[in-house]
Amino acid sequence: MPTSQLTFRTATDADIPELVGLIESAYRGDTSRAGWTTEADLLEGQRTDPEGVAAVVRNETGLLLIAERDGELIACCQLEHRGEHAYFGMFAVRPALQGGGLGKVIIAEAERTAQATWGAREMHMTVIRQREELIAWYERRGYRRTGQLTPFPYGDERFGIPQRDDLEFELLVKPLG
């Protein structure tokens, strides 16, 4: 991992086009296969769109955290205040930079931000249940599987075109502090 320092900031409307490109590159299509977080074998189509990213950027109960190195946007994640917990989502790291420890640093900053900003006691996230390698990565960061499942939004192409009929999200939870 390059030695130049990461900086973090909250996304603005001006960041939306670049954020859409980053998120798409991390999850969909051949570009995503350069990293290990790809969903390309499970889902085709889009991961998000400008409207979806704008909704997160403009959400009054949350923020989209950006990580930059030397002025270049290299990662992002959504944080949303939901009472005593914060929701973590839309996590994306440039595929060519995945696997070098960057994700650990960003998720730690997200957890710190959720605690400092809202006093969050837990972080919640949902992950596609079939993404065992990704769930294992989160478990190594202290998240636990709850067994609480919610259906994938089949028929809503804003979230992608499923390549199998058994996709579900599982809730993962981590106590903070």
State the [atom1]-[atom2] distance between [X] and [Y], to the nearest 0.5 angstrom.
X: L64; Y: L79; atom1: CG; atom2: CG; answer: 8.5 Å
X: L172; Y: T126; atom1: CG; atom2: OG1; answer: 8.0 Å
X: E170; Y: I135; atom1: CD; atom2: CD1; answer: 5.5 Å
X: M125; Y: L171; atom1: CE; atom2: CG; answer: 9.5 Å

Decide, yes or no, whether a salt bridge links [X] with [Y] under the criterion of side-chain N to carboxylate O below 4.0 Å.
X: E139; Y: R131; answer: no
X: E109; Y: R112; answer: yes
X: R141; Y: E111; answer: no

Mind listing the closest non-hydrogen atom pair of [X] and [Y] along with its distance?
X: P95; Y: S25; result: CG-O, 3.1 Å
X: C76; Y: L19; result: CB-CD2, 3.7 Å
X: L22; Y: I74; result: CD1-O, 3.9 Å
X: P162; Y: L167; result: CB-CD1, 4.0 Å
X: L65; Y: L63; result: N-CD1, 3.7 Å
X: I106; Y: A75; result: CD1-CB, 3.2 Å

Atom CZ of residue position R121 - does it have more than 12 heavy atoms of other residues, nucleotides or ligands inside 6.0 Å?
no
Can you tell if the side chain of [X] reaches within under 4.5 Å of the side chain of [Y], non-hydrogen atoms only?
X: R58; Y: D13; result: yes
X: L102; Y: L6; result: yes
X: R129; Y: F152; result: no
X: F169; Y: I128; result: yes
X: I23; Y: Q78; result: no
X: H85; Y: L176; result: no
X: C77; Y: I107; result: no
X: M123; Y: Y143; result: yes

Only residue of E24, E68, E18 satisfying salt bridge (charged side-chain N to carboxylate O under 4.0 Å, His left out) with R94 is E18
Is it possible for you to say whether [X] and [Y] belong to one hydrophobic cluster, with membership spreading through side-chain heavy-atom contacts below 4.5 Å?
X: V56; Y: F8; answer: yes
X: F88; Y: V173; answer: no
X: Y87; Y: F91; answer: no

For D15 and V53: C-alpha separation, side-chain torsions, deciding distance, then whether side chain to side chain contact (heavy atoms under 4.5 Å, CB included) applies.
CA-CA 9 Å; D15 298 308; V53 174; over 6 Å; no
Return yes if some donor-acceptor pair links the side-chain N/O of [X] with the main-chain N/O of [Y] below 3.5 Å, else return no.
X: E84; Y: E122; result: no
X: E168; Y: P151; result: no
X: Q130; Y: D166; result: yes
X: Q163; Y: I161; result: yes

How are the rings of H81 and W118 set to each other: parallel, tilted or perpendicular (split at 30° and 60°)?
parallel
